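Working notes, structure below.
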Amino acid sequence: MIRKSDWAAAYQEHLASARQAFGDPPTTAVLVAYTQGQLPAEEALRVQEYLALHPELARALAEPVPESYQAEPGAPDFLSRGEIQQDWAALQARLGGPGEQLADAGPSSRPRRAWHARNGLARAAALLAVLLGGLYVQSQREVSRLAQELREPRANFEQRLLLPDGGRGAAEPPISLPAAADHFLLKPALLGHPDFADYRLKIIDTSGGKSRVVWDRKGLRRLSDDTFELWMPRDFLSSEEYRLELYGIDERGAETPLAHYTLRLPPE
Amino acid sequence: MSDDWFVDLYQRYYSSIFAYFVHSGFPREDARDLAQETFLRVYRAMEGYEGRGDFAFLKKTAVRVGINAIRDKKAVKRHGVVVSLEELPHLAAGAENPAGEAPATPEAEAALREETSARRRWLQEAIAALPAPQRHCFLLRLAGLKYTRIADVMRIPLDTVKSRLHAVRHTLRDKYRGETEGFELPEELAEDDRD
């Protein structure tokens, strides 16, 4: 006679042995790509096998994230206003803010001005300083021209997906950017790496055997297709060869080199 | 960059993100931590970026945070028992000795153990022998997922889930026929179209 307890035991034993035999688990990025239908059939089947063996992950992936949710008071998924305030204070502390209270407002009223607006302004000022500093080697007139250009619509730009060095096939030529475009939308792709808390990109001028960092920025946003977007005026890339270096930064601030991309620009 | 957008995002969606984690099976306090972690990541991702976090980005971040939390938890357990009966209360409910009494002799106890072990081996082999698409649906159903959730996870229509589980039921019954008397399917497979 086969009973529930037999099923429970057989299920556990099957999970234990199949999990051991499974091999390397898919990364979080691959799991998310699967939910968006972006994987080839063979890889999708492997993810399905993995999810069948890890039902708690399957549950988290299948559970809808409600855009609007009203829980009943007393239900486990209900948060009181006090708890929301408490969590807001904890979040501020983790972000290093001064701990101002979240506005006690209904859904229709506007929130109080952000607690860290001053930080935001400071960041914006620093950003501007870095941008201007990078361009200061050129004339003030050139800066003004570029600033003006940044405010105008773009009509002539080239979008280019950048595959990492070592991932472009046996011949591995540098990535060549067309001379004709005024601007580039560069999309460095990050293949097969887990998520990091933050990312950093350095642009290094490597023309003529030199190595000079011309741009260095943290806070890059990894997009759902595992690329980053970098809007680049052609004028910024005045040398013939550049190397882009991408780093992942974990919660403790430790950096891991993830990929690099060699770019070549034909002389104008 | 003004951070008003972040306050707005928090006010609009914090409860929803918390509810998502609770519905995904996290204890309440863990769900609060994970909801905070989600907003923290969104905020940090937006630093130095000329944009604002929207719900789509928040949602994707929440799913990633959830997956990572489950994996971290599993990494801690990796060297222990993989799935405990507590995690399968719907199956564990029937985990009692069917007779409810201790065997009379050591020989009878050994025979009972051998019989139980053979039954479970048979079931395990039967699960492993199922075609992959049927096995995936069956394992998720045994884990307690609803038909609709299985359809979402497997990215297949609900009717396909039903037909695969129907096929599993027949395969297992046919396979078991003649082995010995009495075959009780798990409750999760007892009906065709629940949920």
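Everything numeric here is computed off the predicted structure, so don't read it as measured data. Proteins come first, then strands; the chains are lettered A, B, ... in the order of their sequence lines, and each starts at number 1. Worth knowing before you read on, the calculation uses all heavy atoms, side chains too, and leaves out hydrogens, waters and symmetry mates.
- Side chains of A:His14 and B:Leu123 form no contact here, defined as non-hydrogen atoms less than 4.5 Å apart.
- Among A:Thr35, A:Leu220, A:Leu45, the residue making the largest number of heavy-atom pairs under 4.5 Å with chain B is A:Thr35.
- In this structure, chain A has a heavy atom under 4.5 Å from the side chain of B:Val63, while its backbone stays farther away.
- In this structure a side-chain-to-backbone donor-acceptor pair under 3.5 Å is missing from A:Tyr199 to B:Ala45.
- Note on ring orientation: taking the six-membered ring where Trp is involved, the planes of A:Trp88 and B:Tyr10 are tilted (angle from 30° to 60°).
- In terms of non-hydrogen atom pairs under 4.5 Å with chain B, the most contact-rich of A:Pro64, A:Ala18, A:Ala71, A:Ser17 is A:Pro64.
- In this structure the side chain of A:Glu49 reaches within 4.5 angstrom of the side chain of B:Arg135, judged on heavy atoms.
- Contacts with chain B were tallied for A:Gln86, A:Glu83, A:Arg59; A:Glu83 has the most, counting heavy-atom pairs under 4.5 Å.
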Worksheet entry | side chain to side chain contact (heavy atoms under 4.5 Å, CB included) evaluation trace for A:Val32 with B:Lys60 | CA-CA 8 Å; A:Val32 174; B:Lys60 196 177 139 190; 4.0 Å; yes
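- Among A:Asp195, A:Thr27, A:Leu31, the single residue meeting the side-chain contact (heavy atoms from CB on, under 4.5 Å) criterion with B:Ile67 is A:Leu31.
- Two residues are said to be in side-chain contact when any heavy atoms from C-beta on lie closer than 4.5 Å; A:Ile84 and B:Phe18 fail this criterion.
- Using a 4.5 Å cut-off between heavy atoms, B:Arg28 contacts chain A through its side chain alone, with no backbone atom that close.
- Inter-residue side-chain proximity for A:Phe78 and B:Val22 is flagged as unmet; no heavy-atom pair is nearer than 4.5 Å.
- Relative to the six-membered ring of B:Tyr43, A:Arg94 misses at least one condition, a distance below 6.0 Å or an angle of at most 45° to the axis.
- Only the side chain of B:Arg41 comes within contact range of chain A, with at least one heavy atom under 4.5 Å from a heavy atom of that chain.
- Using a 4.5 Å heavy-atom cutoff, the side chains of A:His54 and B:Ile70 are not in contact.
- A:Ala58 and B:Leu145 make their closest contact through CB-CD2, 4.4 Å (heavy atoms, listed as atom of the first residue, atom of the second, distance).
- Between B:Phe55 and A:Pro66, the shortest heavy-atom distance links the atoms CZ-O, 3.6 Å.
- Heavy-atom distances place both the backbone and the side chain of A:Asp87 under 4.5 Å from chain B.
- Looking at A:Tyr34, the atoms closer than 4.5 Å to chain B (heavy atoms on both sides) sit in the backbone and in the side chain alike.
- With ring centers used as reference points, A:Tyr69 lies under 6.0 Å from B:His23.
- Annotation for B:Leu139 and A:Ala52: closest pair CB-O, 3.7 Å, computed over non-hydrogen atoms.
- Neither the backbone nor the side chain of B:Glu125 comes within less than 4.5 Å of any heavy atom in chain A.
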